[in-house]
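Working notes for the structure below.
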There are 2 protein chains.
Amino acid sequence: MIEARHLRVLRAVATTGSFSAAGRELGCTQPAVSQQMKALEASVGTPLLVRAGREMRLTQAGEALVRHASGILAGLTAAEEEVAAIAGLRAGRVRLVSFPSGSSTLVPTALAALRAAHPGTRVSLEEAEPPRSVELLREGDCDLALAFRYEGAAVAEDWDDLVVRPLLADRLVALVPERHRLARAESVAIGELAQEPWIAGCPRCRGQLVQVCEGAGFTPRIDFATDDYPAVVGLVGAGLGVAVLPQLAVESVRPRGARVVRLEPEVRRQIVALTLPDLAQVPTVAATLEQLARAARGVGRS
Amino acid sequence: MIEARHLRVLRAVATTGSFSAAGRELGCTQPAVSQQMKALEASVGTPLLVRAGREMRLTQAGEALVRHASGILAGLTAAEEEVAAIAGLRAGRVRLVSFPSGSSTLVPTALAALRAAHPGTRVSLEEAEPPRSVELLREGDCDLALAFRYEGAAVAEDWDDLVVRPLLADRLVALVPERHRLARAESVAIGELAQEPWIAGCPRCRGQLVQVCEGAGFTPRIDFATDDYPAVVGLVGAGLGVAVLPQLAVESVRPRGARVVRLEPEVRRQIVALTLPDLAQVPTVAATLEQLARAARGVGRS
DNA sequence: GCCGCCCCCAAGAAGCGCTTATGCTCGATC
DNA sequence: GATCGAGCATAAGCGCTTCTTGGGGGCGGC
């Protein structure tokens, strides 16, 4: 087996014409060069260099090897370059999955910052929510998943084998029509909305809503359900019912005809980034994760 | 510095999908594979493989490396192939230099045998005699030189740094016109030809002739000098003088009108092959040398 | 004739790579 | 739900490789 290191040395010897000069060029001693050349000759089974007086000449086999060396070493260098570009965030792609419309502020901010910091990187964005997003992660179809979990949820997801990075604690707020009796209230307890018609969000949020309401002693009467947050806001604004939404979801929607009222006691969902332990070491993934965390801090502060 | 060995292992891991299988394919243990992959990841500074549950997936950097690997490894294999062909005498060239017309039997026999044994090898043949041929050797313009030296010559060549392989001891014979008084003699002493007109060979042979004659107490009267042996024979055959020639040179010429008489005391020249110590290790050179020696044994036997 | 350059050789020390042995995780099976 | 098999990680031990240092010899230039 010819080693690339040997080819590098052979080429240096061929160009400089001496072992000593090659050693200087490669940053090692002359005996090291001499030994490597001996090893290479032994491994190919034929002399490669002829010591004729002072000068060092290549044999035909040596010439053949040097001829191939440039291509091989160029290939190695190209490979190193490409990998270094990925490692150095000058290239590389991240496949990001986020829950639908949940990341309307976080993701754009993070991706904008990522692009500004590392213009060579590319991000693909898809929408899915757990458990689908976790499945995508585990099957290798994405690198990073944005998800959320409700604090104190009934069934905890099995994320034990994943890297779970909390990004943001997002509190729930009540949304009531602006003519509603509680529209001007400082805050509202969920029980006070027991008799209202409800407009629910996505299936998972709906489950959480039911759980919270049952904790307060009633079962909500759900008239509408949609996972489209602007639609929920619109329905509330039209006076068709009340809703409970994550604050982050409300923030990106203009609440026409609806009012946001703080919910007491506080119910929060935690927005997290999920990835595989190994993927967390991949530079592009780590950088994206970092920008998501930074974006989350920005949202939390505002 | 990426090592080719690592690429080979990475490729095996990528194709087999597991470290254990790669180890089996490569004939080493699983920890060896594991360690090499760790070393490779460390050397490029980014993960290359993602351990997701049971299966082993490539990261983007890993894919890039595998993509380059095939080309690099193919280059290495091609280089090994080419060198192995030279080492295995399936290819390769020898640049042979021989003294003019001195090798009319030796060289053709040897080269024919070489070609028969190793059809892929190529031999280039040039004519020169020492010191020119030695110069060509030292300057790297030829690989193997056929030369000769007279035993007991006045000036010994400085062949100390060369490989000198004696091939043949070639005795000198006298050539006299067939009507000459000595034409039927069993043998002739050089002194008996003191009064004859001489036909001399090449410059070096002429020098040797003069030296031998002076050793016998006379200076030959040289009427003609040519390094063309058939011409010498022709001149003698035409009765224009006598000559002393190497037996080998006479053998390849039909002695029309001339007779060969053994010379006493015996004067011999030694035909040798010369090469550089390092070049003697080159398979093609060694093989050619061997065939020359074998051809010489054949000539000596006949 | 001396000096400098360059190569080879030998010995010692450091580093590297492989193997064996062991523990752990995961997935399939009963 | 427990067991079993497969596969990876880790650690220890060993041998090999490879480097450096130091010394010797040869060749060319001043």
Side-chain angles (χ1 to χ4, degrees), chain A residues 1-10 12-43 47-58 134-135 137-140 158-163 276-278 281, chain B residues 1-10 12-43 47-58 62 134-135 137-140 158-162 276-278 281:
Chain A
M1 177 75 192
I2 294 178
E3 296 176 38
R5 176 171 45 104
H6 288 161
L7 290 183
R8 197 176 293 269
V9 175
L10 178 65
V13 170
T15 56
T16 63
S18 97
F19 283 10
S20 301
R24 283 191 295 272
E25 185 175 308
L26 298 170
C28 64
T29 61
Q30 170 267 318
V33 175
S34 182
Q35 287 173 17
Q36 288 211 28
M37 288 301 91
K38 183 178 286 185
L40 181 56
E41 288 181 332
S43 84
L48 301 172
L49 295 162
V50 177
R51 292 83 171 163
R54 176 148 301 189
E55 63 180 328
M56 198 60 82
R57 273 197 307 272
L58 289 169
V134 174
E135 199 178 304
L137 205 53
R138 289 196 216 274
E139 286 178 355
D158 54 336
W159 293 348
D160 298 343
D161 58 335
L162 300 179
V163 172
L276 296 176
D278 286 343
Q281 307 302 317
Chain B
M1 176 75 193
I2 295 178
E3 294 176 41
R5 178 171 43 101
H6 288 161
L7 291 183
R8 197 175 293 269
V9 175
L10 177 65
V13 170
T15 56
T16 63
S18 97
F19 284 9
S20 301
R24 284 192 293 273
E25 185 176 309
L26 299 170
C28 64
T29 61
Q30 167 266 317
V33 175
S34 182
Q35 287 173 18
Q36 287 210 30
M37 287 301 91
K38 183 179 285 187
L40 181 55
E41 288 181 332
S43 84
L48 300 172
L49 295 163
V50 177
R51 291 85 172 160
R54 176 145 304 187
E55 64 181 327
M56 199 60 83
R57 273 197 307 272
L58 289 169
V134 173
E135 199 177 304
L137 206 52
R138 289 197 215 275
E139 286 177 354
D158 55 336
W159 292 349
D160 298 344
D161 58 335
L162 300 180
L276 296 177
D278 286 342
Q281 307 302 317

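Each chain gets a letter, A, B and so on, in the order the sequences are listed, and its residues count up from 1.
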Taking the side chain of B:Ser18 as its heavy atoms from C-beta onward, which of C:dC7, C:dC8, D:dG7 lies nearest to it? D:dG7
Just how far, in rounded Å, is P of D:dT17 from CZ of A:Arg5? 12 Å
Have a look at A:Phe19 and tell me which of A:Gln35, A:Arg51, A:Gln36 forms a side-chain contact (heavy atoms from CB on, under 4.5 Å) with it. A:Arg51
Nucleotide nearest A:Phe19 (side chain, heavy atoms from C-beta), chosen from C:dG17, D:dT10, C:dC8: C:dC8
With a 4.0 Å cutoff (strictly under), does any side-chain N or O of B:Arg51 reach OP1 or OP2 of C:dC26? no
Looking at every strand, decide which applies to B:Gln36 at a 4.0 Å heavy-atom threshold: base, sugar-phosphate, or nothing. sugar-phosphate
Would a distance-only check, ignoring hydrogens and angles, find a side-chain to backbone donor-acceptor pair under 3.5 Å from A:Ser34 to A:Gln30? no
Can you find a side chain N or O atom of A:Gln35 that sits less than 4.0 Å from OP1 or OP2 on D:dT20? no
Out of D:dT21, D:dC8, D:dA11, minimum distance to the side chain of B:Gln30 belongs to D:dC8
Start at the 5' end of DNA chain D and walk down; is the nucleotide closest to B:Lys38 or to B:Arg24 reached first? B:Arg24
Heavy atoms from C-beta onward define the side chain here; which of D:dT18, D:dC8, D:dG22 lies closest to that of A:Pro31? D:dG22
When you get a sec, tell me which of C:dG17, D:dC8, C:dC8 is the closest nucleotide to the side chain of A:Ser34? C:dC8
Closest non-hydrogen atom pair, B:Met56 against B:Val13: CG-CG1, 4.1 Å
Short side-chain N/O contact from A:Ser20 to OP1 or OP2 of C:dC7, under 4.0 Å: yes
Length of the line joining B:Arg138:CZ and D:dG26:P, which is rounded to integer Å: 15 Å
